[in-house]
Amino acid sequence: MLPTVEASVPVLYVADIERSQAFYTSLGWSVLRTGGDELASWRHMRSGELAILLAAVQPRLITVELPLLVYFYVGNLEATLQSLADAGYPAERVGYPDHAPGGEARVQDPDGNVLLLGQRAAVAEADRQTATGAEAKFELIQRAAEAVSQRGGAPERCQVGQADGAPCTAAAQVKLTDSWGDSVWGCTEHGEEVLFSVRGAFIAIEDGDGLGQFLRNRSARR
């Protein structure tokens, strides 16, 4: 017979057991059992049939070079995000991937561990919230590139270039500008790099809904 796993309990080593307990309580976990002393304490927490174990050991038993990443599926993402916000832990909306059609968000616990929160139950397109993190910027780049491909007018090649100074041979797909009025055409990859590296850069969308049209509409109403 093949072995079977009946349950799994993620163990998270934390610096402050009380602080971490408060954080995970805001996510819907409740304390089932506690134990230990001043040098080594733990909290066994449960949510439905799932469990996690928070452990604080002095000196630290395990030092992790990179933050852990834990994925939690939640029944109601909006209620979970509101509970986190009320506790002082704002989350970053990621989007609506196939594995979480009800939405996905990212938040860090007090020790820097990254938690991804997903909702399996889908929500209607009209009820979806706008992503707020890096994925949101990438989604905007993709939309702008699609608009350019339909409208045309972009130069043939990306004008940003490679980090070593070599020209980029990819097609120009999105126009970027900043508050100084400087602009450049780039491929989606370099467009993403510009948006993440230049604080004042933004996507320039050349369509009928631009600032010029807005000002003309205001003048026409006077």
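- Annotation: salt bridge (charged side-chain N to carboxylate O under 4.0 Å, His left out) contacts involving residues 7-34, sequence neighbours excluded, comprise E18-R43, R19-D111.
- Counting only distance, with no hydrogens or angles, the side chain of T25 and the backbone of S30 share no donor-acceptor pair below 3.5 Å.
- Legend: side chain to side chain donor-acceptor pair (under 3.5 Å) pairs involving residues 73-91, not counting sequence neighbours, sorted by first then second residue: E78-R93, Q82-D86.
- Nearest heavy-atom pair across R128 and P101 is NH2-O, 3.7 Å.
- Residues that satisfy the side-chain hydrogen bond (donor to acceptor under 3.5 Å, both in side chains) test with D37, not counting sequence neighbours, are absent from this structure.
- Side-chain heavy-atom separations under 4.5 angstrom define the hydrophobic clusters, and the remaining members of the one that includes Y96 are V123.
- In terms of heavy-atom proximity, V174 sits nearest to C187 at CG1-O, 4.0 Å.
- The backbone N or O of R106 lies less than 3.5 Å from no partner atom in the side chain of E92, so there is not a single donor-acceptor pair.
- Closest non-hydrogen pair, G103 versus L77, comes out as C-CD2, 3.3 Å.
- Within the structure, the salt bridge (charged side-chain N to carboxylate O under 4.0 Å, His left out) test picks out no pair touching residues 21-32 (sequence neighbours left out).
- The shortest side-chain heavy-atom distance between V107 and F72 does not fall under the 4.5 Å cut-off.
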Enumerate, atom names and distances included, each donor-acceptor pair closer than 3.5 Å involving a side-chain atom of residues 45-53, sequence neighbours excluded.
| from | atom 1 | to | atom 2 | distance (Å) |
| --- | --- | --- | --- | --- |
| R46 | NH1 | E49 | O | 3.2 |

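- Taking the side chain as every heavy atom from C-beta outward, H190 and C168 approach each other to under 4.5 Å.
- When hydrophobic clusters are built by joining Ile, Leu, Val, Met, Phe, Trp and Tyr residues whose side-chain heavy atoms come closer than 4.5 Å, directly or via intermediates, V57 is not grouped with L39.
- Side-chain contact between D109 and L27 is absent, with no heavy atoms from C-beta onward closer than 4.5 Å.
- Cluster annotation: W29 and L32 are assigned to distinct hydrophobic clusters (Ile/Leu/Val/Met/Phe/Trp/Tyr, side-chain heavy-atom contacts under 4.5 Å, transitive).
- Partner V70 forms a side chain to side chain contact (heavy atoms under 4.5 Å, CB included) with one of V114, L12, L117 and no other, that one being L12.
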Checklist entry - For T34 and I17, what are the C-alpha separation, side-chain angles and deciding distance, and is it a side-chain contact (heavy atoms from CB on, under 4.5 Å)? => result CA-CA 11 Å; T34 67; I17 196 75; over 6 Å; no

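- Of all non-hydrogen atoms in W185 and A172, the two that sit nearest each other are CB-CB, 4.0 Å.
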Checklist entry - Given the rule in the side-chain contact (heavy atoms from CB on, under 4.5 Å) test, do L84 and F23 qualify, once you have shown the distances and angles that lead to the verdict? => result CA-CA 8 Å; L84 284 169; F23 171 82; 4.0 Å; yes

